[in-house]
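Take a look at this one; I'll ask things after.
Only heavy atoms go into these numbers, but all of them, side chains included; no hydrogens, no water, no symmetry mates. Within every chain, numbering begins at 1; the chains are lettered A, B, ... in the order of the sequence lines, protein sequences first and strands thereafter.
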There are 2 protein chains.
Amino acid sequence: MARLDVLPVARSHEEPKTSRCSGCAVRDSALCASMSDTELTALRVIGRRRIVPAGQIVSWAGDASTFCANLVSGALKVTATLADGREQIVGLLFPGDFVGQLFTDETTLTVTAIVDTDLCGYPRAAFETLLGDYPRMERMLLRRTMASLNEARERMLSLGRKNAQERVAGFIFDLAARAGSRGADGLLHVSIPVSRGEMADYLGLTIETVSRQLTRLRTNEVIAFANGDRVCTIKNPEELSEIVNPD
Amino acid sequence: MARLDVLPVARSHEEPKTSRCSGCAVRDSALCASMSDTELTALRVIGRRRIVPAGQIVSWAGDASTFCANLVSGALKVTATLADGREQIVGLLFPGDFVGQLFTDETTLTVTAIVDTDLCGYPRAAFETLLGDYPRMERMLLRRTMASLNEARERMLSLGRKNAQERVAGFIFDLAARAGSRGADGLLHVSIPVSRGEMADYLGLTIETVSRQLTRLRTNEVIAFANGDRVCTIKNPEELSEIVNPD
DNA sequence: CGGAACGTTGAGCATAATCAACGACTGTGG
DNA sequence: CCACAGTCGTTGATTATGCTCAACGTTCCG
């Protein structure tokens with residue numbers, strides 16, 4: 001039962017620069033963006049920075065819901081599991097995202113670091129209280145939660161009605177839209193932040209099916225891989241778009 | 001493009017009793033529950049009751065997001081669709097539930113009445129403003145949105161990782177938990193509020209597969225049907241539970 | 001009475017899962 | 001330095017699950 005408060009915590013001798021909010025990488029993208037520098041003190045006094053190494057579980061389904069956090073750097077996966085071990089990734093979290101289940105005593109989802117991850121964590125009860133004191137932050141959280149709900153609903157469409165080809169192509173497509181960078185060759189390059197197994201758990205497929213669909217996209221010269229299996233080049237955006245959104 | 005404001009509206013000659021909030025069926029379960037009788041005036045002045053007949057579309061995906069509502073009686077389905085017509089029900093709404101997509105200019109989902117439905121509707125902009133003036137209502141909406149997100153994530157697990165048998169059994173099981181009533185025979189009876197086709201769209205299956213799985217549950221005497229295809233009796237709750245949550 | 005909507009059942013098929021083998025790469029210990 | 005195990009990804013053969021296409025029964029309503 002690894003829990004946030006008992007995780008190994010990397011800690012430098014003096015308070016690191018980045019723990020002073022004004023220099024924080026997500027000062028303007030996390031919920032803190034709703035707060036003025038002076039208001040931020042209230043958040044800072046209940047916050048504690050934590051580094052979670054890749055692969056480590058942040059919170060198990062069934063744990064008491066005692067913590068929440070802003071994600072500062074790295075990435076987390078949120079998974080739902082069945083008793084027999086079948087697993088579905090129901091969310092991926094990146095810098096600026098909010099982590100945790102509020103207004104509930106028991107968590108139902110497991111949160112795991114997929115790379116080394118830096119969190120700015122708060123006791124849930126204290127954070128909920130604060131939320132009542134800072135309406136702009138509560139509003140921002142409401143907007144984000146609604147956006148997450150819309151995303152979740154898009155994913156239900158994908159999981160319920162799309163075939164393997166469409167799901168895999170859609171995953172690449174979405175990644176490119178969110179985090180693609182244009183290379184010197186004028187083509188979009190995307191770093192895939194997860195393993196094949198995690199892609200499968202995200203898309204509701206098996207590793208083998210994901211692999212075969214990627215091979216198929218590669219064979220058809222829609223995509224190509226560079227620097228191993230984790231960097232993808234989009235060679236034919238029109239064709240990719242066609243596969244993602246068929247008539 | 002059916003829109004809330006151009007839908008046929010049933011209207012009695014004098015203001016009906018139930019439109020006075022104090023007598024409203026969902027006064028204590030909808031978002032209004034967060035308001036005192038006096039505060040409620042603010043909501044009432046922007047609200048308009050609307051009756052939507054079964055089968056009618058309340059809002060199309062792609063419409064401007066100009067309205068939201070509390071559901072007073074009846075039921076709605078929220079669907080996501082692909083260009084080629086494939087459809088997924090991403091949510092079912094019942095009395096007391098909130099309807100609409102806030103903080104966005106364009107809707108991405110279609111909302112349809114599955115039975116005659118009574119709504120208490122508001123202009124979105126006015127409602128959003130009100131939300132800022134009544135923190136308890138905003139907090140209640142935040143809690144509900146988070147609960148919806150958790151539900152959506154459970155459904156992602158179902159759509160991504162459960163087989164047809166588990167999905168159909170799970171649907172009956174969830175219905176029974178939410179709205180089952182114990183009959184004179186001591187058994188749980190559940191009214192199924194949707195057609196087979198809607199069940200299929202909800203579960204990410206085809207009509208035929210849903211029908212076959214129901215037949216299988218009936219053959220194994222786990223369930224039985226009474227009064228046609230829409231009322232279900234749970235004859236063997238242990239077995240049903242076993243199917244829903246296998247080891 | 002005829003037609004439409006809804007649900008069930010059957011036959012055949014396609015898609016993705018399963019089971020298995022193998023190559024590439026990485027870190028470890030002899 | 002190299003042998004080795006372990007992880008990750010790919011590919012092949014086979015199977016099973018759920019989809020497609022088709023027929024048919026029932027109910028309801030014009």
Check the distance between C:dA16's P and A:Leu203's CG and give it to me in whole angstrom. 12 Å
Can you tell me if A:Arg212 and A:Thr209 form a side-chain donor-acceptor pair at under 3.5 Å? no
Name the nucleic acid region contacted by B:Leu205, choosing base, sugar-phosphate or nothing; use a 4.0 angstrom heavy-atom cut-off, strictly under. sugar-phosphate
Taking the minimum atom-to-atom distance to the side chain of A:Thr215, which one of D:dT10, C:dG7, D:dG18 wins? D:dT10
On a plain distance test, is the side chain of A:Arg230 in donor-acceptor contact with the base of D:dG9 below 3.5 Å? no
Can you check the A:Asp201 CG to D:dC8 P distance for me, whole Å? 12 Å
Would you say D:dC8 has OP1 or OP2 under 4.0 Å from some side-chain N or O of A:Ser195? no
Between the base of C:dC19 and the side chain of A:Glu208, is there any donor-acceptor pair under 3.5 Å? yes
Is the base of D:dT11 touched by the side chain of A:Arg196 through a donor-acceptor pair closer than 3.5 angstrom? no
Rounded to the nearest Å, what distance is computed from the CG atom of residue A:Leu214 to the C1' atom of nucleotide C:dA16? 15 Å
Do B:Ser181 and B:His189 have a side chain donor and acceptor closer than 3.5 Å? no
Distance check needed: C:dA17 C1' versus B:Lys162 NZ, whole Å only. 19 Å
Please tell me if B:Thr206 has a side-chain N or O lying less than 4.0 Å from either OP1 or OP2 of D:dT20. no
Salt bridge A:Glu208-A:Arg196, side-chain N to carboxylate O under 4.0 Å: no
Using the closest heavy atom to pick a nucleotide of DNA chain D for each, name whichever of A:Thr209 or B:Gly204 lands nearer the 5' end. A:Thr209
At less than 3.5 Å, do the side-chain atoms of B:Arg212 and the base atoms of C:dG7 form a donor-acceptor pair? no
Using a distance-only test with no angle check, is there a side-chain donor-acceptor pair under 3.5 angstrom linking B:Gln101 and A:Asn150? yes
Using atom CD of B:Gln213 as one end and atom P of C:dG7 as the other, report the distance to the nearest whole Å. 17 Å
